[in-house]
Each structure stands twice: as C-alpha cells, then as structure tokens.
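What follows is a set of notes on a single structure, which appears directly below.
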Amino acid sequence: MSTSCAQPRTPDTPDIERASGSTSVIDPFQFRDGLIPDEELDGLRRRKQHKPVAKYQGKQNELIISLLKPMEEHTEDARVEEEAYRLPVKIAVYASLAANLGLCILQMYAAISSLSLSLIATGIDSVFDVGSNVLLWWLHRKAERLDENRWPVGGARLETIGNIIYGFLMGSVNLVVIVESIRTLTSKNGDELSAFHLPSIIAVGAALAVKFVLFLYCYSLRHQSSQVLVLWEDHRNDLFINGFGILMSAGGSKLRWWLDPTGAIIIALGVIVSWGMTIYEQFGLLAGKSASHEFLQLVIFKAATFSDEIEKVDTVRAYHSGPNYFVEVDVVMDANTPLWKAHDLSQQLQDRIEVLPNVERAFVHVDHETSHAPEHQKNPRPAV
C-alpha cells in the first residue's frame, strides 16, 4: 500500500511523539471531530433502516480512537492483555492435551469394539488431535528457544509450518478412510445390519460432551493465541465429527447398513475440507499476506504524525511473516536534514513500530523526494 500524506506545518506545531516517553495525544487532522456520540449511535441502532449506518459509524469511532491512542498505550494494552490471558491460554493448551489423550483411548476403544467405520473415522481424528497438541506445544517451545544467529528472523513461522504439515497428514489419513468406506459400499452383499454396540456410543457421547466444554472455553481465547485458535477450530470440528459419527453408526445398526460407511465418507470429507481451508489460511500467512487495512491506517497515521521533520509518508507496507507482521515504511525529510537527525528519528520510529502488537520486525527508510520509482521494485527484463 502506498500513500503520500503531507502533514500540516505551522511554526507553533510541536513534534508529535518526539520524545520516547511522550504520551501526548495530538490530532493534527481533526479526526476527533468525526467521533459520533454513543447516544446518537444508540438512536441509529433503534431504527432498522439505520442499523448499517450505526455499524459503520461504530467502526469509524473505533478506528479514530485507535489512531489517536499513543503508541505506548497500544503496547501497554497488548502487554496487559497478554499477561491477563497467559494463564487461561496455558490452561486451554494443557487441558486440551490431557482431554484429547484420554478421549483418544476412549474413542479408539469405541472404534475397535464396534468395528463401525463412522466411529473409526472419529477415532482416527482423535489420534491426530493428540498429535496436533503435542506438535503445537513442541513447536511453540522450539520457536521461543531458536538460536538467533542461525535463525535471524526468529521462530514465529514454525507454528504456521507445523499447522500446514499437520493439515496434510490429516487429509492423507482421511483419504484412506474414504477409500475403505467406498470398498465396503461396493463389496457388501445383502442388507444385513451391523451389531449395535451401546458402550461405543456412550464412549463417543462422553467425548462429544468434553469437546463441547473445551469448545466453549477456547472460544473466548481464540484471538489471543495462534495455538488456542487451532485448538478451538479442532474442538469445533470434533463436535460435528463425533455427533455425526454417533448418528451414522447407530443408523447403520438400526436402519440401513450403508449409513455407517456413508457417514465415514462424509466425516472424512468434512475433515479434509475443514483442514484444507485452514491450510489455505496458513499458506497466506507464510506467503506474506497483507496486514489488515486498519493496521495499515494506524501505521500510516503514526508515521505521518511522528515528527515535524517528516514531511511526507511515501510508502507503507505491512505483511505477514507467519502469524506476525513485517512492516516497511518510507518517509520523506528535507534534503538538508543532518544525517544524525534523520538516523535518530527513523530509528525512534522503527523502535516505536516494533513494539506495536503483532509486529515482528519494522524497517524505516528515509528519502528526500517522492519522484523516484518505488523501492524494491525489480525492473522488467528487456525483451529478447
């Protein structure tokens, strides 16, 4: 994303957040005038035809408040929030690991004792749940302890890579379930029903209840940790898998024999599609997907109002490198600005951006004009 944002200059305009300890809030573009009072928003929400307007104005209020909040407050809010959620996140991770280990044993018993293809599909998923938890836990610890000399960009992308590998493994195993279920459908002779095995149904029902509790607990924490987000998605998927598995297994024993292998195919396809979507999202983070528009606006505003020495913001880019962002900012200063001042201001701006939530690295480049071609743009090769 590019922008050329000129800052209003007057002799009495002070530097914006010039000192590293400054927490002053200055609004050179009068954004605060655009805030809509809560009473007015409540009035708009009460009118059905004005609800879209109220929703839009509410988002605008949030954006303006975010822009005017000093960067120190953004950092402090993120630190306080992380501290507050540290224990709940740890509980979510370890409770999921312990529960999945116990449920894995329970569901494999149900699958083996009943020989139901639908319950076998749920049992395979439970085995991979344990593998997922162990993999995420190990990668998280590994990412925190990587040698920065060998891995200069840090280990944040390890969790993303782990999620992609795990998703491919889940897809491969469920393809085997689909093949076996199709073989059963095509080779079955007669309409003989499978034996109904009540303990297996009860075991999977207990797993369904535990997964529902974990789903509710992880729901409120899913945006606080990439680990918890993956666990929440896993618990959500297991609610469908276990619930549907019980229905199709019981149906194959009481109604029609083909319901059981058909249920296994549907469950396996559901798992493949769900994890395919997750893999797609994770690939986007690994490939360098752009940051949200709101985050880009925040960085642009903070760069434009950081100091009177910054005359324009030429270019701002923010993109994923795993779950966190890399940020590139090109600013324009007067050609006669001393080198020491240009360096110190750009370094201060870089330091401020790097402590914003979800920022892995920031790079600030200083130029004296905007008429040149954008940086890092490779020239096309001449035609042969």
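All residue numbers in this chain count up from 1 along the given sequence. What you see below is based on every heavy atom in this structure, not just the backbone, and it leaves out hydrogens, waters and symmetry mates.
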If you group Ile, Leu, Val, Met, Phe, Trp and Tyr by side-chain heavy-atom gaps below 4.5 Å, do Leu269 and Leu169 land in one group?
-> yes

Distance in Å, Leu214 CG paired with Ile91 CD1, rounded so as to fall on 0.5 Å steps = 12.0 Å

Between the main-chain N or O of Ala342 and the side-chain N or O of Ser346, is there a donor-acceptor pair closer than 3.5 Å?
-> yes

Are Ile353 and Val299 close enough that some pair of their side-chain heavy atoms sits under 4.5 Å apart?
-> yes

So, for Pro261 and Ser181, which heavy atoms are closest and what is the spacing to 0.1 Å?
-> O-CB, 3.5 Å

Heavy-atom closest pair, residues Gly167 and Ile279 | C-CD1, 3.5 Å

Could you grab the distance from atom CZ of Arg236 to atom OH of Tyr219, nearest 0.5 Å is fine?
-> 11.5 Å

CD of Glu328 to CZ of Arg361: how many Å apart, nearest 0.5 Å?
-> 12.5 Å

Quick one: closest heavy-atom pair of Arg317 and Leu296, and the distance?
-> C-CD2, 4.3 Å

Do the side chains of Met277 and Leu239 join up, straight or via other hydrophobic residues, at under 4.5 Å, putting them in one cluster?
-> no

Rounded to the nearest 0.5 Å, how far does CD1 of Ile161 lie from CZ of Phe283?
-> 10.0 Å

Minimum heavy-atom distance between Val327 and Ala318, given as atom pair plus value | CG2-CB, 4.1 Å

CZ/Phe363: more than 12 non-hydrogen atoms of other groups inside 6.0 Å = yes

Within a strict 4.5 Å, meaning less than it, do heavy atoms of the Lys289 and Tyr319 side chains meet?
-> no

Please examine the side chains of Pro199 and Tyr109, heavy atoms only from C-beta on, and report whether any two atoms are closer than 4.5 Å.
-> yes

So, Thr337 side chain and Asp334 main chain: donor-acceptor pair closer than 3.5 Å or not?
-> yes

In the single-linkage hydrophobic clustering (I, L, V, M, F, W, Y; side-chain heavy atoms under 4.5 Å), do Leu208 and Phe212 co-cluster?
-> yes

After noting the C-alpha distance and the side-chain angles of Val359 and Phe295, does the key distance pass the side-chain contact (heavy atoms from CB on, under 4.5 Å) rule?
-> CA-CA 10 Å; Val359 174; Phe295 182 79; 3.5 Å; yes

Is there side-chain contact between Thr160 and Pro323, with heavy atoms separated by less than 4.5 Å?
-> yes

Are any of the side-chain heavy atoms of Leu286 and Ile164 separated by less than 4.5 Å?
-> yes

Donor + acceptor pair across side chains of Gln57, Asn61 (<3.5 Å) | no

Test Met333 against Leu345 for side-chain contact (heavy atoms from CB on, under 4.5 Å), laying out the working first.
-> CA-CA 10 Å; Met333 296 186 187; Leu345 283 172; 3.8 Å; yes

Search all heavy atoms of Ala203 against all heavy atoms of Leu106 and return the closest pair with its distance.
-> O-CD2, 3.4 Å

To the nearest 0.5 Å, how far apart are CD in Glu180 and CD1 in Ile265?
-> 10.5 Å

Exam field: side chain Thr186 to backbone Arg183, donor-acceptor pair closer than 3.5 Å = yes

Got a second to check how far Lys302's NZ is from Leu349's CG, nearest 0.5 Å?
-> 11.5 Å

Mind listing the closest non-hydrogen atom pair of Glu354 and Ala362 along with its distance?
-> OE2-N, 3.1 Å

Go through the steps for Glu309 and Lys341 under the test side-chain contact (heavy atoms from CB on, under 4.5 Å), then give the verdict.
-> CA-CA 9 Å; Glu309 300 293 337; Lys341 181 177 286 188; 3.6 Å; yes

Glu311 (side chain) donor-acceptor with Val332 (main chain) under 3.5 angstrom = no

Any chance you could lay out the side-chain contact (heavy atoms from CB on, under 4.5 Å) test for Gln348 and Ser307, step after step, and finish with the verdict?
-> CA-CA 10 Å; Gln348 289 176 23; Ser307 169; over 6 Å; no

Under 4.5 Å between side-chain heavy atoms, hopping through other hydrophobics if needed: is there a path connecting Val176 to Val273?
-> no

Heavy-atom side-chain proximity of Trp232 to Phe215 below 4.5 angstrom = yes

Are Leu103 and Leu101 co-members of a hydrophobic cluster defined by side-chain heavy atoms under 4.5 Å apart?
-> no

Given side chains that start at C-beta, do those of Ile272 and Ile178 come closer than 4.5 Å, heavy atoms only?
-> yes

